[in-house]
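Beneath this line is the structure, given in structure tokens, with notes to follow.
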2 protein chains.
Amino acid sequence: MSRDNITAMGNRRKGKSRDTRRDEEIYRAMSEAIVEHRLSPGDRLPEDALAEAFDVSRTGIRKVLQRLALERLVTIQANRGASVARPSPGEARDVFGARRMVECALMDAVADNMTEEDLAELRQLVRDERQAQAEGEQRQAIQLSAAFHTRLSRVARNEPMSEFIGQLALRSSLVIAVYGSTDSIGCDCGDHGEVLDLLEAGEKDKARTWMAGHLEHIERSLRFESGSEGTPDFKSIFQRRAQSGAGDG
Amino acid sequence: MSRDNITAMGNRRKGKSRDTRRDEEIYRAMSEAIVEHRLSPGDRLPEDALAEAFDVSRTGIRKVLQRLALERLVTIQANRGASVARPSPGEARDVFGARRMVECALMDAVADNMTEEDLAELRQLVRDERQAQAEGEQRQAIQLSAAFHTRLSRVARNEPMSEFIGQLALRSSLVIAVYGSTDSIGCDCGDHGEVLDLLEAGEKDKARTWMAGHLEHIERSLRFESGSEGTPDFKSIFQRRAQSGAGDG
DNA sequence: TATACTTAACATGTATACAACATACTACTT
DNA sequence: AAGTAGTATGTTGTATACATGTTAAGTATA
């Protein structure tokens, strides 16, 4: 009676990546712009302007904005609109603290599940990052550094984990934009290759230790001096005045 | 000249929790309904019906639906609408795998930062859960079990971590709804008190081991037999026919 | 009678219109 | 002249209308 229905049900696939929905495209463009620091923390993101830029209505923009807000890449204040998130020092510490815990804990599974293809892709990523660094393409380098951590986490074949780490890596880019000194990114390029060597050799413990040190190193390079939380940075304003001017009399 | 501006800037707080926006309310109601299994995996969630139920327009519902989709509590299929998510066996394993890694890794920080207030609230949560269990309030018990893990994670004072664990706890409720046998929830009520004792005594290692065992225990109680991924469960349909009916002739 | 095709009903995707809110500017009062 | 109040402008929040796509039912034909 309903035998044909059975065969009919399995055939409903493949029409998924045909027209990669516009939302995704806009989301990707905006998050990439934030990660690459083409948009700076604090920058306003008016819906009208974005709608015009992407040639869609505000509806589509709001959807993307809300998603970015959930991922803490933008901040939405009620009735006051969206702006690129400006993580507080505490938030910055939390992000790196979370990364230390999670990325280290994942190294076992990463080592256990690493395939030839994974390794090849990761080594390519390191090469790209190194080249970007060499050519002075800071923006590309930052993006590739985050991409490396995200891609590495995917080796563990645990989607919730790699998605979480991916988000933390994106947020880290924002943290570096606010508190990063120039050497925040400078050092870890060559480094990324090292952990691959350790993982290829099956040295789980050393890989975990390496990752902890790597993240600590980045975190230590952050400069939290001018408190951008709560009150504006009058301190740095007055400091600058004393530095630049000759005397005060 | 601009001295007054300085004092004026710090006063922009407190007007935040006044009218807890409707979105949040709807989000809370829906996620709670999903976690408490008043909505079952696979249930359709038509925008019109929800809009009428909450007395808002579809706009507000879509916002909530999209957020729930991002958190993997509902599934949105293009042009086909939203439904309560039905995690696959692989997804279920990933969720519990992630929880094992993350919640165990967090125990150190939990032990280090536990305060009197934390402990009091957590013990109260255990009491509530125990009572719900005793009174046969399964739904409440499930919700409280998830709440315990979420509240416990907050002790570590790392927002990204506790948010992630909170989401995983919610997803776990869905997993249990699909694959849980009756004793999936039965055992872990009294258990939750044990880890508090260990943490209060400062036994970090034992607490971590306990947590690993706890989550493994829940995961082992899941039943993945009837594959609800890909093809519908014809197997169980035919099995049922053989069980319920007398003969097949 | 079963299958395929057409059509109708329904649900979602998107844009637009309108209302509410915040901010900035201007005018008026002290 | 300075500060406050009122107004005007612009931006966000929400609902509704319209277009598009999917599902299901019904009919006609083989």
Side-chain angles (χ1 to χ4, degrees), chain A residues 1-27 30 42-70 74-85 232, chain B residues 1-9 11-27 30 39 42-70 74-85 232:
Chain A
M1 202 176 181
S2 59
R3 255 184 73 237
D4 300 65
N5 290 339
I6 296 175
T7 61
M9 294 183 83
N11 288 338
R12 208 63 60 73
R13 284 288 157 83
K14 106 192 167 193
K16 176 197 164 190
S17 61
R18 189 180 56 96
D19 59 338
T20 306
R21 281 201 307 291
R22 190 97 180 93
D23 308 332
E24 273 297 311
E25 206 175 320
I26 297 173
Y27 165 79
M30 288 194 64
D43 282 356
R44 302 300 310 263
L45 301 171
E47 298 178 354
D48 285 335
L50 291 169
E52 195 176 2
F54 287 106
D55 194 42
V56 294
S57 80
R58 280 175 51 211
T59 311
I61 296 297
R62 286 180 70 82
K63 194 154 109 181
V64 173
L65 247 24
Q66 279 155 15
R67 175 171 174 189
L68 289 168
L70 247 26
V74 316
T75 301
I76 295 180
Q77 290 172 288
N79 291 319
R80 291 183 55 184
S83 51
V84 178
Chain B
M1 204 172 182
S2 60
R3 258 184 72 236
D4 300 66
N5 291 338
I6 297 174
T7 61
M9 294 184 83
N11 289 336
R12 209 64 58 75
R13 283 291 155 80
K14 106 193 166 191
K16 177 199 163 189
S17 61
R18 190 181 56 95
D19 60 340
T20 307
R21 281 200 307 290
R22 191 99 179 92
D23 309 331
E24 272 297 311
E25 207 175 319
I26 296 174
Y27 165 78
M30 288 194 64
L39 286 171
D43 282 356
R44 301 301 309 264
L45 300 171
E47 296 177 355
D48 286 336
L50 290 168
E52 195 176 3
F54 287 106
D55 193 40
V56 293
S57 81
R58 279 174 51 212
T59 310
I61 296 297
R62 287 180 69 83
K63 193 155 111 181
V64 173
L65 248 23
Q66 279 156 15
R67 174 171 175 189
L68 289 168
L70 247 26
V74 316
T75 301
I76 295 181
Q77 289 172 288
N79 291 320
R80 291 181 56 183
S83 51
V84 178

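Chain naming here is simple, since letters A, B, ... match the order of the sequence lines and numbering starts at 1 in each.
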Candidate pair B:Val84 and B:Arg44, rule side-chain contact (heavy atoms from CB on, under 4.5 Å), full reasoning: CA-CA 7 Å; B:Val84 178; B:Arg44 301 301 309 264; over 6 Å; no
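- Nearest heavy atoms, A:Ala82 versus A:Ile76: CB-CG1, 3.9 Å.
- A:Arg22 forms no cation-pi arrangement with A:Phe54, by the criterion of a distance under 6.0 Å to the ring centre and an angle within 45° of the ring axis.
- Taking a cutoff of 4.0 Å between a charged side-chain nitrogen and a carboxylate oxygen, A:Arg58 and A:Glu52 do not qualify as a salt bridge.
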Going 5' to 3' along nucleotides 6-21 of chain C, which nucleotides have protein heavy atoms under 4.0 Å from the base (write B), which only from the sugar-phosphate (write S), and which from neither (write -)? ------BBBBB----S
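- Listed by chain and number, the residues in a salt bridge (Lys or Arg N to Asp or Glu O under 4.0 Å) with A:Arg62 are A:Glu47 (sequence neighbours excluded).
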